[in-house]
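Values below: all heavy atoms of this structure, side chains included; hydrogens, waters and symmetry mates excluded. In what follows, chains carry the letters A, B, and so on, assigned in the order in which the sequence lines appear, proteins first and then strands, with residues in each chain numbered from 1.
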There are 2 protein chains.
Amino acid sequence: MEEERLERIRDELHRQNYKLTPQRESTIRVLLENEEDHLSAEDIYLRVKEKSPDIGLATVYRTLELMSELHILHKINFGDGVARYEFKSEKGEHHHHHLICLDCGKVNEIQEDHLGEVERAVSDKYHFIIKDHRLIFHGICEECATKEGNSH
Amino acid sequence: MEEERLERIRDELHRQNYKLTPQRESTIRVLLENEEDHLSAEDIYLRVKEKSPDIGLATVYRTLELMSELHILHKINFGDGVARYEFKSEKGEHHHHHLICLDCGKVNEIQEDHLGEVERAVSDKYHFIIKDHRLIFHGICEECATKEGNSH
DNA sequence: GTAGATGCAAAACATTTGCATCAGT
DNA sequence: ACTGATGCAAATGTTTTGCATCTAC
């Protein structure tokens with residue numbers, strides 16, 4: 001589980017001559033413990049600080065940057081001015097999409113990847129070699145829709 | 001053509017008790033003349049400044065913000081730290097997607113919207129009322145692929 | 001002891017805001 | 001005159017950097 005994934009990350013770091021320092025470990029643990037939540041750097045910093053009060057914000061940023069370079073994390077931007085981070089799926093092409101609620105702002109992941117056909121069509125028509133995609137749906141989540149017969 | 005669209009924007013502004021000032025007009029003209037280019041606020045500012053050197057950056061930002069509120073422009077974020085702006089299609093639900101080249105950074109629009117089925121599936125399964133979507137493909141564009149038998 | 005990692009403060013960058021002034025009705 | 005719009009400079013918020021210090025091998 002968690003330890004295992006940490007182990008694999010440590011190995012990947014070592015392979016590239018980087019160290020898994022206590023600060024990096026704390027940062028990664030926070031990410032592992034909050035995988036559903038699409039935390040921003042500041043969010044992560046505050047949570048790491050609870051357990052390791054001496055960590056600096058710059059270190060968190062540097063860790064996130066490094067992990068993104070190593071393709072362990074993926075930096076995403078939902079358009080609200082802060083970057084958020086999530087683990088890349090470990091086995092290649094397992095894409096997922098995001099549902100963002102316009103009412104409450106919650107971000108949900110959905111695990112399907114129904115885009116095979118679409119990708120094929122686009123790739124053929126525009127001669128564009130697709131490496132990745134990002135699909136975001138904006139709308140109203142179930143809770144907000146039922147909450148108050150919302151007129152959306 | 002351009003004048004016509006400007007006319008319609010002027011009307012929309014007036015309907016909401018806003019004015020089409022010279023600064024706003026210059027800003028909108030730059031957007032109309034560079035519709036393909038996904039300009040950032042700074043880009044727009046520099047181009048407006050060529051013709052109207054006295055305009056301030058804040059005014060450009062305020063204009064872009066206003067036009068976004070009025071649903072004339074759409075503010076998008078490709079994840080590079082700056083917001084970009086494009087006109088909303090005038091007849092409602094005509095979505096388009098973006099192809100971003102990982103080599104040269106160019107952004108191309110594609111006009112299809114093949115997502116009807118996908119939307120239906122997602123909407124049914126997750127009880128999420130979809131209002132809009134954003135689909136971005138990252139990959140290698142035709143020029144970059146041919147340019148040098150690129151190994152991507 | 002050397003190379004990488006850290007914390008802090010300062011810098012950089014995009015964007016927003018406060019405020020005095022200006023323009024159009 | 002009144003309302004909204006502007007330019008400028010200052011403020012904000014996020015992220016990056018410079019640098020002296022620290023840590024692990």
(message) Can you confirm if the NZ or CZ of Arg10(B) lies within 45° of the ring axis of Tyr18(B) and under 6.0 Å from the centre of its six-membered ring?
(response) no

(message) By the side chain to side chain donor-acceptor pair (under 3.5 Å) test, which pairs, at least two apart or in different chains, include something from residues 51-71 of chain B?
(response)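 Only Ser26(B)-Ser52(B) qualify under side chain to side chain donor-acceptor pair (under 3.5 Å).
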
(message) Any heavy-atom pair between the side chains of Leu32(B) and Phe87(B) that's under 4.5 Å?
(response)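 Side chain of Phe87(B) against side chain of Leu32(B), heavy atoms only: contact under 4.5 Å found.
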
(message) Taking the side chain as everything from C-beta on, heavy atoms only, tell me whether Glu86(B) gets closer than 4.5 Å to His98(B).
(response) yes

[X] [atom1] to [N] [atom2]: how many Å, rounded?
X	N	atom1	atom2	answer
Glu69(B)	dT16(C)	CD	C1'	13 Å
His14(A)	dA5(C)	NE2	C1'	13 Å
Asn17(A)	dT2(C)	CG	C1'	13 Å
Ile44(B)	dT15(C)	CD1	P	10 Å
Leu13(A)	dA3(C)	CG	P	20 Å
Asn77(A)	dT15(C)	CG	P	11 Å

(message) For His97(A) and Glu109(A), which I'm curious about, is there any donor-acceptor pair between the side chains at under 3.5 Å?
(response) no

(message) When you compare the side chains of Arg84(A) and Asn77(A), does any donor N or O come within less than 3.5 Å of an acceptor on the partner?
(response)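 Looking only at side-chain atoms, Asn77(A) and Arg84(A) do not form any donor-acceptor pair under 3.5 Å.
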
(request) Check salt bridge (Lys or Arg N to Asp or Glu O under 4.0 Å) between Arg29(B) and all other residues, then give those that pass, not counting sequence neighbours. (result)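 Partners of Arg29(B) under the salt bridge (Lys or Arg N to Asp or Glu O under 4.0 Å) test: Glu3(B), Glu25(B).
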
(request) Could you list the residues that satisfy salt bridge (Lys or Arg N to Asp or Glu O under 4.0 Å) with Glu12(B), not counting sequence neighbours? (result)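 Checked Glu12(B) against salt bridge (Lys or Arg N to Asp or Glu O under 4.0 Å); matches are Arg15(B).
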
(request) Count the heavy atoms of every other residue, nucleotide or ligand shown that sit under 6.0 Å from CD of Glu33(B), and state whether that count exceeds 12. (result)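 Result for CD/Glu33(B): enclosed.
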
(message) Surrounding CD of Gln16(B) (heavy atoms of other residues, nucleotides or ligands, distance under 6.0 Å), is the total greater than 12?
(response) yes

(request) Please list residues of residues 18-25 of chain A whose heavy atoms come under 4.0 Å from any atom in DNA chain C, ordered by number; otherwise none. (result)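 Residues of residues 18-25 of chain A that come under 4.0 Å of DNA chain C are, in numerical order, Tyr18(A), Lys19(A), Thr21(A), Gln23(A), Arg24(A).
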
(request) Within residues 49-63 of chain B, find the residues that approach DNA chain C with a heavy atom at under 4.0 Å, and present them sorted by residue number. (result) Leu57(B), Ala58(B), Tyr61(B), Arg62(B)

(message) Could you tell me the boundaries of the chain A footprint on DNA chain D, defined by atoms under 4.0 Å from its heavy atoms?
(response) dT14(D) to dG18(D)

(message) Centroid separation under 6.0 Å, is that true for the rings of Phe78(A) and His38(A)?
(response)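 Centroid separation for His38(A) and Phe78(A): below 6.0 Å.
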
